[in-house]
Amino acid sequence: MITWLRKVQSPTLIFFSCVVVVSVIVGFLSKPYFTEHIFYADINKYSFDRKEDNQMIYRSRTANSLQVQVEQQKRSVFIDDQKYIITEINPKPNITYSVLYPNGRT
């Protein structure tokens, strides 16, 4: 019993126990950072809010929300009542997209 108690109090065991506890805490606290899908547009941070039929809505704390309509290989993005059309041109090996801006520029 006494030898077991001495093993429990050894510095190596205490150190590794602390490392395991700290690793679990860091893993738990960092989970939202790696699982939340976010992106930046015009210096504003957007995250997924909800999906309605074929429309996805992203919210930001610093700007108006974005709406994305999904239609097969074409997506329409609405930012401040302006429509941007994103079309997939080449699916593989290097994915290529075309963006049509509200002013007609591609």
Side-chain angles (χ1 to χ4, degrees):
M1 179 79 167
I2 293 176
T3 58
W4 179 80
L5 192 57
R6 286 185 184 152
K7 282 184 179 180
V8 171
Q9 293 178 350
S10 74
T12 306
L13 184 62
I14 293 172
F15 172 76
F16 284 118
S17 300
C18 289
V19 168
V20 168
V21 169
V22 168
S23 297
V24 169
I25 291 171
V26 168
F28 181 74
L29 294 177
S30 65
K31 183 182 177 200
Y33 178 80
F34 292 105
T35 58
E36 184 179 347
H37 300 285
I38 63 166
F39 65 93
Y40 291 87
D42 293 331
I43 310 173
N44 297 310
K45 178 181 173 182
Y46 290 90
S47 61
F48 180 75
D49 186 26
R50 65 188 182 276
K51 182 174 182 176
E52 299 172 353
D53 297 327
N54 66 339
Q55 186 175 24
M56 294 183 292
I57 299 170
Y58 296 88
R59 61 178 164 76
S60 172
R61 293 182 180 174
T62 58
N64 293 334
S65 63
L66 297 179
Q67 292 85 29
V68 179
Q69 286 184 332
V70 179
E71 304 164 4
Q72 294 180 356
Q73 294 181 345
K74 180 177 142 185
R75 286 175 170 50
S76 300
V77 179
F78 295 91
I79 304 172
D80 293 331
D81 296 327
Q82 295 183 12
K83 184 177 181 180
Y84 298 81
I85 300 174
I86 303 169
T87 309
E88 183 178 325
I89 297 172
N90 292 329
K92 293 183 179 177
N94 296 327
I95 300 174
T96 308
Y97 296 96
S98 170
V99 179
L100 177 64
Y101 290 86
N103 62 6
R105 197 178 99 218
T106 301

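Predicted model only: the values in this text are computed from it and were never measured. The figures that follow rest on heavy atoms only: side chains count, while hydrogens, waters and symmetry mates do not.
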Rounded to the nearest 0.5 Å, the CD1 atom of I43 sits from the OG1 atom of T62 at a distance of 9.5 Å
Under a 4.5 Å side-chain heavy-atom rule over Ile, Leu, Val, Met, Phe, Trp and Tyr, are V70 and I95 clustered together?
yes
Smallest heavy-atom separation, R59 atom then S65 atom, equals CA-CB, 4.3 Å
Hydrophobic cluster membership, V22 vs V19, 4.5 Å side-chain cutoff:
no
Sub-4.5 Å side-chain heavy-atom contact between F16 and V20
no
Verify the cluster assignment for F78 and V99: are they in a single hydrophobic cluster under the rule of side-chain heavy atoms below 4.5 Å apart?
no
Work out which heavy atom in T35 is nearest to a heavy atom in K31; give both atom names and the distance.
OG1-O, 2.8 Å
OG of S47 to CD1 of I57, rounded to nearest 0.5 Å, is 12.5 Å
Counting neighbours of CG on N94 that are heavy atoms of other residues, nucleotides or ligands and sit closer than 6.0 Å, is the number greater than 12?
no
Quick one: closest heavy-atom pair of K45 and S60, and the distance?
O-OG, 3.0 Å
What is the distance from atom CD of Q55 to atom CD of E71, rounded to the nearest 0.5 Å?
10.5 Å
Distance check, rounded to the nearest 0.5 Å: M56 atom CE versus D49 atom CG?
12.0 Å
When you measure from the side chain of D80 to the backbone of Q82, do you find a donor-acceptor pair of N or O atoms at a distance under 3.5 Å?
no
To the nearest 0.5 Å, atom CD1 of I86 lies from atom CD of Q69 at 12.5 Å
Under 6.0 Å between ring centres: does that hold for Y84 and Y101?
yes
Should V77 and I38 be counted in the same cluster of Ile, Leu, Val, Met, Phe, Trp and Tyr side chains packed under 4.5 Å apart?
no
F39 and Y46 aromatic ring geometry - parallel, tilted or perpendicular at 30°/60° bounds:
parallel
Close side-chain approach of I85 to K74, heavy-atom, < 4.5 Å:
yes
